[in-house]
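Following: one structure in structure tokens, then a few remarks.
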Amino acid sequence: MQKNAVIKKTYFDTGFDIVTTILLVLALLIVLYPMYFVVIASVSDATSIAAGKVILLPKNVSLTSYRRIFQDARIWTGYKNSAIYTLSSSLIGVTLTTMAGYAFSRDDLVGRKGLLTIYVFTMYFGGGLVPTYLVVKQVGLMGSPLAVILMGSVSVYNIIIAKSFFTTTIPKELYEAASIDGCGNGRFFAVIVVPLSKAIIAVLALYYAVGQWNGYFNALIYLNKEALYPLQLILREILLGTTGTISAEITDVDAIQEMQRIAATIKFGVIIVASVPMLVMYPFVQKYFVKGVMIGSVKG
Amino acid sequence: MKKVLSLIVALCLMLGCTVSALAIDVDLPIFEEKETFTWMIAKESLSQNTWPEKECVQFTEEKTNIHLECIEIASSGWDEKVNLAFTSGDLPDCFVGGVDVAINYESLAAIEGIIDECAPNILRTFEDLPELRGALTLPDGHIYSLPTGDADVKNMINGELWINTTWLEKVGKEMPTTVDEFVDVLRAFRDEDPNGNGQKDEIPLLASGASSAAYIRQMMGFFGTLDNSNHIRVEDGKVIFTPAEDGYFQALQWLHLLYSEGLLNQDYYTEDNTQFLAKGQNEVCTAGVLLEWYIDNIMYGPYVSQYAPIEPFEGSLWNKSRLPQGSLNGFVISSSCRDVAAMVRYYDYVNSDLDILNLWNYGPEGVIWRYLDDGRWEVFTDNVPEGSSSSQVRRTLGVGPTCPMYAYSRWRGPQAEKYADRITAKVAANELYLKHTPVENMPAGYGDIEETAERNLLLIDIDQYLDPFFADAVVNGITEEAWQQHLKVLDTLSIDEYIGYWQTFYDQHT
């Protein structure tokens, strides 16, 4: 620090700083503006947005959008369902993934190579929609929330991230030392490995939670009742309801326009409402995030 | 003696038969004990509740003893779910909401025999609309689907031209009766500041690529040709591919003239639906001529009364909807259903009289529809709560048009129903336009399965070429060479084959 203070900045350095700052600020604006726009658009009225009058400040401020959203009982049910699915799915996901990851990180696991190959195989080749659908149906999960919770709860990619994390951060010697004191694998995992792995657990939880929160496809395919739909599927229905097949056959022009009007009014409010929970979650896991992901990625 | 006896026995048997057949016809309930059937239903997003909560479903269950186990699919995910059901073989008893019959007919139940035997109300529909039976029959001679939806005269014509008569007076012009006069009026709207605010914010002709009722291709008829989603018209029993007609060339040149002179909405190709709608919501009126289903679909309330329909000019053509209207594949029964006849009778019962039909279509009487003293009925909006809409209430109290009912001229239309003012105005405008629709029109219906598939494939190729060509011609203009080039390209797109399929279809159905 002391040394740096002595060296005088050249004009080139100053210029470099200025240019860099300008470029970074520009980049920041480019990234930030769309988000800002969503916020101001959500409190402006749909007509002004469509007419291109909302640019820097909200126009004809009204909370119609939010009033409409919060009046819609389906959105609340969706919120509740999404919360349940996200929590249970990440809980199951994190538990299974860390356990599998730990097992794979151990040299003394019998048949480790073979097992891992089978796991990885599923990353590249899947049965496809129809066979999966048939399996879900035959194990009796059709129409049950469990289908949605379980289907999104384990990803091989995350298992590999966990495995690499354990291989690099939990030295073999630690287990040797513990086992001399009579500690078995189960206890070692629960008492020593888990407390040392907060970073990777936070990252996995975030991955699973975001994936489940944003997902709608499994719910679309495996759920049959609107009362069980997660938030994203409800929103999709409200915003895209006009483009389904049947509406192509509906000649009810008024109904189509009504749907478009609703969609236009609540579009931006809905984005905010749907992203708030995830935005709230990020700061809490952010400090682990960089660390956990880096370790996972380097030694993938 | 023996002969007489056997004759009596035979007579008794026959009588027994007829009596029991009659019993199937009219008797409700359909089952003595409650029976459950699974229906897969395309749920409209405007609906605020589920089927089991609806009075029409409960009422029909009470009458028929058929309990519906409803799998309600968000309409945006309908295609995926239906395809999955057919590929996996995990079929519900019925589908309500549109299924590709031509592809899936092997998994569907043929119902023409059952209709003839025990569905008097469906047969009455067939009598009222003679073309319906043919339209529903596949080339293999079977009927696999029943129609749903509103077949209403108000939907015979899609977009129409509505002119601002206040502006017309202000610029001192008459209602245009030729294409040249029309252009003249549009120019006056552009130049003479008819809305009087001193700004050049007038859009002489407000049409938009964002809404099918506002497509400019509907005006191709001014030049004796037509353009529609299939790019065909029929004359003297011959199917004609319209984008190869001379009139099409003239129409393109004319549309370019409108565009290049700033007479046509300059955002025609770039705006989305909300932006289009916003153009009608200004405090100051900015639109001279609208191309829309009805004026208030786009125009701000106070200005609606200023507009009147323009009658298409002498010798021009206009598109009308293919008949029979409604969704022909709206209600299908799968072949795995254990009692197909019960399903047909359920549909038959819902279509038996206006009370139950409208209970499904609009909900209980007295909320948004009511009977009038003259025996007709009307839709009214007094009970629609603030912040909701008629469309929403209709789909929440009743089901709306996507349900096992087909509301055609017996139940709908001026003789059965008192229209709201706007619909009356729309129907009156339709009268003007119907005078100019071609005498021969392509009917709706099912064609040969393979030919239909082939034809749809060809249409994709044609559209992929034609859409950009059309847009380019309107925006940048089109020369004689470009037109010749266009005709050459059409030769490579198997147009003859495409028209051949339509010709076969047309001959089959007329």
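Letters A, B, ... are given to chains in the order of the sequence lines, protein chains preceding strands, and every chain is numbered from 1. Only this structure's heavy atoms are used, side chains among them; waters, hydrogens and symmetry mates stay out.
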Are the side chains of A/Asp72 and B/Gln48 in touch, meaning some heavy atoms are under 4.5 Å apart? yes
Counting heavy-atom pairs under 4.5 angstrom with chain A, the leader among B/Ser211, B/Ser321, B/Ala74, B/Ala213 is B/Ala74
CG (B/Leu84) and CG (A/Leu129) are apart, to the nearest 0.5 Å, by 4.5 Å
Honestly, the part of B/Asn297 sitting under 4.5 Å from a heavy atom of chain A is both
Heavy-atom nearest pair, B/Gly77 first then A/Leu220, reads CA-CD1, 3.5 Å
If one checks every heavy atom of A/Leu134 against chain B at 4.5 Å, the contacting part turns out to be side chain
Whatever's closer than 4.5 Å to a heavy atom in chain B on A/Leu233 counts as neither
Whatever's closer than 4.5 Å to a heavy atom in chain A on B/Leu277 counts as side chain
Under 4.5 Å to a heavy atom of chain A? For B/Gln392 that would be side chain
Given B/Ser88, B/Ala278, B/Ala151, the one with more heavy-atom pairs under 4.5 angstrom with chain A than any other is B/Ser88
More than 12 foreign heavy atoms under 6.0 Å from CE of A/Met35: is that the case here? no
**Message:** Using a 6.0 Å cut-off, check whether atom OH of A/Tyr119 has over 12 heavy atoms from anything other than its own residue.
**Reply:** no
The interface call for B/Ser47 against chain A, heavy-atom contacts under 4.5 Å, is backbone
Honestly, the part of A/Arg67 sitting under 4.5 Å from a heavy atom of chain B is neither
- Salt bridge A/Glu226-B/Lys43, side-chain N to carboxylate O under 4.0 Å: yes
Applying a strict 4.5 Å limit to non-hydrogen atoms, the region of A/Tyr229 in contact with chain B is side chain
Nearest heavy-atom approach of B/Asp90 to A/Tyr133 is OD2-OH, 3.1 Å
Can you check whether B/Lys81 reaches A/Asn224 side chain to side chain, under 4.5 Å on heavy atoms? yes
Worksheet item: Does A/Tyr157 OH have over 12 foreign heavy atoms under 6.0 Å away?
Response: no
